[in-house]
Amino acid sequence: MTLLGYRVPMMAALLVWVVVWEIIGRFDLLLLFPPFTEVLMALGDVVTSRSFAEAIRITALSYACGLALAIAVGVPLGLLMGLVPAADKMLNIWVNTFLSAPLSALVPVFMILFGLGTPTVIVTVFMFAVWIIVLDTRAGVQNISPSLMEMAHSFGASHAERGKIVLLAALPEILAGIRLGMIRGVKGVVIGQLLVSIIGVGALFSLYQQNFLMAHFWALILLLFAMALTLSGLVGRLEKRIEYYAGVRS
Amino acid sequence: MSIAMQIETENAVPAASNPIIEVKGISKIYGSDIVALENIDLAFEEGQLTSLLGPSGCGKTTLLKIVAGLLKPSHGEILVKGKKVHGPGPERAFVFQDFALMPWANVMQNVAFGLKMQGVGKAAREDTARHYISEVGLSGFEQKFPHQLSGGMRQRVGLARALAVNADVLLMDEPFSAVDEQTRRKFQEDLMRLREVEKKTFLFVTHSIEEAVYVSDRIVLLSPRPGRVSQIIDPDIPQDIGPDELRRNDVYLDTVESIWHGIKKYVE
Amino acid sequence: MSLTHTAEKRIGAARADAPGLIRWLSEFTLIWKILSIALFAGAWELAGRSGFNFSFPTFSDTVAALWEMAVDGSLGAAYLRTLEPLVIGLAFSLIVGISAGIAMGLRHDVEWFSLPIFIVMQAAPMAALIPLVTFVYGIGLTAKVLAVVMLAMPVITINSYKAVRNVPPSLVSMCHSFMGSRQQQILHIIIPAASPMMFAGLRLGVAEGFSGVVLAELLITPTGIGDLITFHRSIANFAHMYATIVSIVLFAIVTVGSLQWLETALFRPEKRSSQ
C-alpha cells in the first residue's frame, strides 16, 4: 500500500501492531499482553540463560532429526505411490487420514512408546512433516507429462536414466512438499515439547508458567515465532531459485 | 495491384456520416512511461461492423475497454451518441475473450445477468433471455452449466448475454480466439447473419487478418508501441456471395495479403 | 429430453453426470480401502501379540475397549464436553475469519494492516500460546475456546482472503460492464466465485480446530477426550487410551471427510472453470 506517495512495505504494519500491543500492555487492557517493552527486556534474560541454550540445542536437534527422517521416508514413499498404482490405492487412505487427523492426540502414545525425551519429539516432528511430503511427491510424479516419459522411452533411455528423469521432473513438487513439511515440523517440535514438558523449550515454558513470568513466556514465544518465520522465509527463497524451471515445465 | 479498396492515410479522421461512437484524442499511459495508446481519433458509424486489428501489444483491447468504460483513458474522451462516457452504459454491451461466464449459474441465469443488474424482474428477464438463447442457437440448454458446454457454446452464451440487454453497440474482445478453428468459422458466419437481423453496431477486436477481412465493413489497423492508427481499410467485397465463395474471392485474398504486408514489419 | 432436466437442482446435477462407471470404480477403490485397513489391523494385532512393548495393546483389545466405553457412556459424555469448546471456537473463527478475509481481499488498506498478522499466525507455532492462555484465563471454557480459535482462525482467514483475491478479474469487469455497482459486484460475483475456496479453508480450519481442542484438553485441563486419554494412561489402561485416541482421530477424519464430500457436492459444477 502507498501512503503519501511512498510505498509502505507490507510487514511495516507489524510495527503498528507492536505499538498497539504496548498500549494494551501499559493500560492492562488485556491480561494476556504485558507491555511489549517488558517482553523485550525479558528477551535478554531468556537468551542469556543457560537453560535456553540447552533448550535450543534440543529443539534444533530433534527438529533436524525428525525432518531428515520425514524426507528420507516421505520422498521414496511418495515416489512409490506415484509410480505403482497398487501401492497408491493401499496407502492413499492413510496419507489422507494422517494429513487431517489431530496428530497431537497421538503424542501421548509416542510418550509411552518412546519415553519422555527427545525420541518422542523426533517422532512428533516426523509425523507432522512426513505426510505432506508424501502427498506432494506423489502429485509431482503423477503430474509428469506423459510425453516426457514417452520421449525418454523413444530415445531408448535406460531404467536408471528414466528414474532420474522422474525424480528431476517431480522436483518442484517435492521441494514444495518439503517446504510445507518444514513448516508443519516446526509446529510438531513445539507441540511435542509442550506435551513432554520436561525437556527443551517445553521445560522452559513450564518453568515460566509455574513462576508467573508472563514477559519471559512471551519473549520465548516471540523467539520461536521469529525462528519459524526465518526458516520459512529461507526455504521460500530457496524455492524461488528453482522456480524458473517449474515455470518452463508447466 | 488491382485491389478494389480505399485506403486512407494516417491521422485522417474518416468522415462518418452518422457516427454513434467518437473516439477523440485518446491516449493511455500505464505507470509513468508505458504508452499503450497515443492520440487515437476514430469514429464508428451506426450499423457497421468495425474491426480493430493489429499485432499483440498494439493496444486494441485497451482501446475497446476504454470505449466500454471499463478503463479510464489518460487523455481524451469517448462520445457515445454525442454524450461523454464516464463508465459502462446501457447502450454498450461487452463480449469477453474468456467468456466471463459465472460457473455457478446456468445458461439462463448467465444470459439474464445483464438484465438483472438493470433491475428487470425475474419473469421478464427470463423471457428476454430465452428469446436470445434461441437466437444464438442454444434452445434446450437453458438449465445447463458452463462446464457442461463446449467453448463455442460458452461464447454463444456470452453473446446472448450481451444481446439481451438490447444495447446499440456490441463490443467484442477477440470473442473467437478461445474456440477451435471449425467452431470459429461457423461462429463468424453466424455473426454475419446476426448482424443482418439485429441491426446493431459492432466493434470487434481481433488479431486474425482473415477474420477481420471476412466479417468487417471497416478495418482499423493499429500499430504497436505506441498504439496508433496506422491504416483504415474498407474492404470492398461483393455482398451477395456466400461464405464459401467468399473465402476464394480475389478481392478477399488480395485484401488479406496487403494487410499482412502492412503489418509484417511490426511482428518480431 | 434428457438434456433439459438434468440440472434441475445443483446438487442433483453434480451427481447426475456421474454414471454407473464412476460408481463401479468407487466401489472398486472401496475394496482397496477395506483391504488396506484389514492389513493395518492385522499388523497392529501381530505387533500387540508380539509383546515388544508392555504398553502396546492388540487391535482386538482396543476395539473391545472402544466398545466398552461406547456402551458405558463415558465416551459419549467425553465427546459432549469436547465438542462444546470446539463448536464455539469454530463458529467464532468462521465469522471473524471469513469477514476479515473478505475485507482484506477487497480493501488494500485493510490488507496492509491485517495480512501480516495472519501470515505470522499461520506460519508460526501457535500452539505455544496455549499454556499462556491458561496462565491468564485459567482452566475453564474460555481457554479451550481460545485454543481452538488460535489454531483454526488463521487458516480460515488466509483462505478467504486468497479466495477473494483469486476471483477472475474478467468476471468482476463483466459485472461492471453491465453496470453492476460495487455492492452488486461483491454480492453477485465476488462472494459466489470465492465460496468454493472459502469452504476449503473452512475444512482446513476444522481440522486445525480438532488439533487445538485436543491439545487444550491435554495441556490445560483434563476434560472430555483429553481427560479420557490422560486418565487411562495414568492407570495403565492402555487399550482404553488407544481406543480413545483412535476414536478422536476417526471422528476428526469423518467430520473433515464429510465436509470434503459436501464441498464437491455443492461446488462441483464450479470446480471446472468457465475457461
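Everything numeric in this text was worked out from a predicted model, so none of it was measured. Chain identifiers are assigned alphabetically (A, B, ...) following the order of the sequence lines, protein sequences preceding nucleic acid strands; residue numbering begins at 1 within each chain.
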### Query
Do any N or O atoms from the side chain of Glu22(A) and from the backbone of Phe36(A) form a donor-acceptor pair under 3.5 angstrom?
yes
### Message
Do Lys144(C) and Thr223(C) pair up side chain to side chain, a donor and an acceptor below 3.5 Å, judged on atom types alone?
### Response
yes
### Which atoms of Leu132(C) approach chain A - backbone, side chain, both or neither, heavy atom under 4.5 Å
both
## Note on the structure
Okay, Ala226(A) and chain C: the region with an atom under 4.5 Å from a heavy atom over there is neither
### Task
Go through Thr230(C) and Asp227(C) one step at a time and tell me if the side chain to side chain donor-acceptor pair (under 3.5 Å) criterion holds.
CA-CA 5 Å; Thr230(C) 322; Asp227(C) 178 41; 5.6 Å; no
### Region of Ala228(A) that comes under 4.5 Å of a non-hydrogen atom in chain C
side chain
### Task
Keeping the roles fixed (side chain from Trp112(C), backbone from Ala12(A)), state whether a donor-acceptor pair exists under 3.5 Å.
no
### Task
Would you give the length of the straight line joining atom CG of Asp136(A) to atom CZ of Arg179(A), rounded to the nearest 0.5 angstrom?
9.0 Å
### Query
So which part of Leu213(A) gets closer than 4.5 Å to some heavy atom of chain C, the side chain, the backbone, both or neither?
backbone
### Query
When heavy-atom pairs shorter than 4.5 Å are enumerated against chain C, which of Ile112(A), Leu231(A), Val190(A) gives the highest number?
Ile112(A)
#### Entry: Most chain A-contacting option - heavy-atom pairs closer than 4.5 Å, from Leu204(C), Leu35(C), Ile225(C), Ile37(C)
Ile37(C)
### Summary
Greatest number of non-hydrogen atom pairs under 4.5 angstrom with chain A, of Phe56(C), Phe251(C), Tyr242(C), falls to Tyr242(C)
### Message
Determine whether a donor-acceptor pair (N or O, by modelled atom type, separation under 3.5 Å) exists between the side chain of Ser50(C) and the backbone of Ala47(C).
### Response
yes
### Task
Please test Arg203(C) against Ser100(A) for side chain to side chain donor-acceptor pair (under 3.5 Å), starting from the C-alpha separation and ending with a verdict.
CA-CA 9 Å; Arg203(C) 178 164 53 79; Ser100(A) 48; over 6 Å; no
### Summary
Most heavy-atom pairs under 4.5 Å with chain C, out of Leu224(A), Ile183(A), Val186(A), Leu195(A), belong to Leu195(A)
### Task
Could you look at Val120(C) and say if it's the side chain, the backbone, both or neither that has a heavy atom under 4.5 Å from chain A?
both
### Task
Give the member of Thr244(C), Val206(C), Leu219(C) that has the highest number of heavy-atom pairs under 4.5 Å with chain A.
Leu219(C)
### Query
Given that the side chain runs from C-beta out, which part of Gln122(C) has a heavy atom under 4.5 Å from chain A: side chain, backbone, both or neither?
backbone
### Task
Please flag which part of Tyr137(C) lies under 4.5 Å from any non-hydrogen atom of chain A: side chain, backbone, both or neither.
side chain
## Note on the structure
Per-residue tally against chain C (heavy atom, under 4.5 Å) across Val109(A), Ile191(A), Val189(A), Asn92(A) peaks at Val109(A)
### Task
Go through Gly209(C), Ala128(C), Ala207(C) and name the one with the most non-hydrogen pairs under 4.5 angstrom from chain A.
Ala128(C)
### Whether Tyr161(C) side chain and Ala103(C) backbone form a donor-acceptor pair below 3.5 Å
no
#### Entry: Option that, when pairs with chain C are counted at under 4.5 Å, heavy atom only, ranks first among Ser232(A), Pro102(A), Ser206(A)
Pro102(A)
### Query
Among Val213(C), Leu215(C), Val249(C), who wins on heavy-atom pairs under 4.5 Å with chain A?
Leu215(C)
## Note on the structure
Interface check, chain A: of Pro131(C), Ala127(C), Ser114(C), most non-hydrogen pairs under 4.5 Å belong to Pro131(C)
### Query
Given that the side chain runs from C-beta out, which part of Met126(C) has a heavy atom under 4.5 Å from chain A: side chain, backbone, both or neither?
both
### Message
If the threshold is 4.0 Å, N to carboxylate O, is there a salt bridge linking Glu111(C) and Arg107(C)?
### Response
no
### Query
Can you find a side-chain donor-acceptor pair between Tyr79(C) and Ser247(C) that sits under 3.5 Å?
yes
#### Entry: Interface residue of largest heavy-atom contact number with chain C, from Lys187(A), Gln193(A), Met111(A), Met90(A), under 4.5 Å
Met90(A)
### Ile117(C), part contacting chain A, at a heavy-atom distance under 4.5 Å
both
### Query
Given a strict heavy-atom distance threshold of 4.5 Å, which part of Val16(A) is in contact with chain C: side chain, backbone, both, or neither?
side chain
### Residue among Leu113(A), Ile93(A), Thr97(A), Leu91(A) with most heavy-atom pairs under 4.5 Å to chain C
Leu113(A)
### Message
Need one label for Leu39(C): side chain, backbone, both or neither, based on atoms under 4.5 Å from any heavy atom in chain A.
### Response
side chain
### Message
Using only atom types and a distance under 3.5 Å, with no angle test, would you say the side chain of Trp218(A) pairs donor to acceptor with the backbone of Met214(A)?
### Response
no
### Task
Taking atom types as modelled, find out whether Ser36(C) and Trp94(A) have a side-chain donor-acceptor pair closer than 3.5 angstrom.
yes
### Query
For the side chain of Asp88(A) and the backbone of Val84(A), is there at least one donor-acceptor N/O pair under 3.5 Å apart?
no
### Query
What part of Ile130(C) lies closer than 4.5 angstrom to a heavy atom of chain A: side chain, backbone, both or neither?
neither
### Query
Do side-chain atoms of Thr124(A) reach the backbone of Thr120(A) as a donor and acceptor pair under 3.5 angstrom?
yes
